[in-house]
> 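This is the structure I have questions about; it appears just below.
Residue numbering restarts at 1 for every chain, and letters A, B, ... go by the order of the sequence lines.
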Number of protein chains: 2
Amino acid sequence: MKKDKRWERIPGCSIEAALNVIGGKWKGVFLFHLLDGTMRYNEFSKLAVGASPRLIVKQLRELEEDGLIERKVYAVVPPKVEYSLTSEGKSLKPILKSLSGWGDQWIDKRPWTLNE
Amino acid sequence: MKKDKRWERIPGCSIEAALNVIGGKWKGVFLFHLLDGTMRYNEFSKLAVGASPRLIVKQLRELEEDGLIERKVYAVVPPKVEYSLTSEGKSLKPILKSLSGWGDQWIDKRPWTLNE
DNA sequence: CGGCATCCAAGTAGATACTG
DNA sequence: CAGTATCTACTTGGATGCCG
């Protein structure tokens, strides 16, 4: 977590504060899928193709530190951990939906294509 | 620009495609301020306190490559360059506003404070 | 004014192996 | 299952100086 002093006085900083929270490499995807309900570590790892456990955990921990998701550990064997959105996290719903919609459109319109 | 192959099949990838575009260190701020009209390089540098010219230019170039902003060079002395949003860039307006609003709220609610 | 080139430091992500 | 540890590679960003 970067508690960067500069957010204090830059005009438009709230934009960056927001992006700082959801802009991590997989955070948007994780949050988006959490809109549909609780997820387990294993599901995230299937989602984040190519990402190492290290990174997945890091993204999840940061979201947790930011109070957007909750991590619930069950004392069972085998271990079970569930991640879910907090109310703060749920407040991102309209934004995540908008981003998803815009991204979808943009993939078609963007000036470059994959495999070029 | 990273034309990352993985966007092709990951569910929720449109979220990341969108974040990939606006998630750069200063891109959100730049885009947000461009909503109010054209900006010049000098204005960006005042906005991005502590950022090196190198980074500022890089962010602007990437936004340009992504077709979100337009760079207009006037052949005058001293040089004058104006940046403005393309129609694609303008389509981000509701999202940028939402992000700004959410970020504003979140700055008050977030679990940590500055200068801690 | 509005950059670019070069070099270097630091942070970030990946690979791999291992564990409670 | 749900991670941790370690080590390495890569990317990103800052500093500085120069140019049209």
> To the nearest angstrom, how far is A:I56 atom CD1 from C:dT12 atom C1'?
15 Å
> Could you pull out all residues at least two apart from B:K80 that satisfy salt bridge (Lys or Arg N to Asp or Glu O under 4.0 Å)?
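Applying salt bridge (Lys or Arg N to Asp or Glu O under 4.0 Å) to B:K80 gives B:E82.
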> For residues 40-53 of chain B, which residue pairs qualify under salt bridge (Lys or Arg N to Asp or Glu O under 4.0 Å), counting only residues two or more places apart or in two chains?
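Those involving residues 40-53 of chain B do not exist here.
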> Which other residues belong to the hydrophobic cluster containing B:V76, where Ile, Leu, Val, Met, Phe, Trp and Tyr are joined when side-chain heavy atoms lie under 4.5 Å apart, directly or via other members?
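Taking Ile, Leu, Val, Met, Phe, Trp and Tyr as members, B:V76 shares its hydrophobic cluster with B:Y74.
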> Mind running a 4.0 Å heavy-atom check of residues 72-85 of chain A against DNA chain D and sending the residues that fall below it, in number order?
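Of all residues in residues 72-85 of chain A, the ones placing a heavy atom under 4.0 Å from DNA chain D are A:P78, A:P79, A:K80, A:V81, A:Y83.
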> I want to check one thing: is the phosphate of C:dC1, taken as OP1 and OP2, less than 4.0 Å away from some side-chain N or O of B:R40?
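It does not, given that no N or O in the side chain of B:R40 lies less than 4.0 Å from OP1 or OP2 of C:dC1.
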> Could you give the angle between the helix axes at the two ends of the helix from C:dC1-D:dG20 to C:dG20-D:dC1, with five pairs per end, rounded to 10 degrees?
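Inter-axis angle at the termini of the helix from C:dC1-D:dG20 to C:dG20-D:dC1: 60°.
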> Without swapping roles, check the side chain of B:S100 against the backbone of B:L96 for a donor-acceptor pair under 3.5 Å.
no
> Hey, can you pull the donor-acceptor pairs under 3.5 Å for the side chains in residues 51-59 of chain A, sequence neighbours left out?
from: A:K58; atom 1: NZ; to: A:E62; atom 2: OE2; distance (Å): 3.4
from: A:Q59; atom 1: OE1; to: A:K25; atom 2: N; distance (Å): 3.2
from: A:Q59; atom 1: OE1; to: A:W26; atom 2: N; distance (Å): 2.9
from: A:Q59; atom 1: OE1; to: A:K27; atom 2: N; distance (Å): 3.4

> Can you name the side chain to side chain contact (heavy atoms under 4.5 Å, CB included) partners of A:K90, sequence neighbours left out?
A:L85
> Let me have a per-nucleotide readout for nucleotides 13-18 of chain C, 5' to 3', with B, S or -, counting only protein heavy atoms under 4.0 Å.
BBB---
> Roughly, in whole Å, what's the span from NZ in A:K46 to C1' in D:dA2?
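A:K46 atom NZ is separated from D:dA2 atom C1' by 13 Å.
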> At under 4.0 Å, does any side-chain N or O of B:R61 touch on OP1 or OP2 of C:dC4?
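For B:R61, the contact criterion (side-chain N or O under 4.0 Å from OP1 or OP2 of C:dC4) is met.
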> Scan residues 43-69 of chain A for pairs that pass ring pair (Phe, Tyr, Trp, His ring centres under 6.0 Å), counting only residues two or more places apart or in two chains.
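Listed by first then second residue: A:F30-A:F44, A:F44-A:Y83.
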> CD of B:E62 versus P of D:dT11: gap in Å, rounded?
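So the CD-P distance, B:E62 to D:dT11, works out to 13 Å.
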> Taking only residues two or more places apart in sequence, or in another chain, which ones meet A:V73 in a side chain to side chain contact (heavy atoms under 4.5 Å, CB included)?
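Here the qualifying residues are A:R71, A:V81.
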> Could you work out, with side chain to side chain contact (heavy atoms under 4.5 Å, CB included) as the rule, every residue matching A:E70, not counting sequence neighbours?
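A:S84, A:T86.
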> Tell me: NZ of B:K27 to C1' of D:dG13, nearest whole Å?
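In whole Å, D:dG13 C1' lies 14 Å from B:K27 NZ.
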> How long is the straight-line distance from NE2 of A:H33 back to CG of A:L31, given to the nearest 0.5 Å?
10.5 Å
> Could you state the CD-P distance from A:E43 to D:dC1, rounded to the nearest angstrom?
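Atom CD in A:E43 sits about 12 Å away from atom P in D:dC1.
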> Suppose we screen for salt bridge (Lys or Arg N to Asp or Glu O under 4.0 Å). Which residues come up paired with B:K109, at least two apart in sequence or across chains?
A:E88
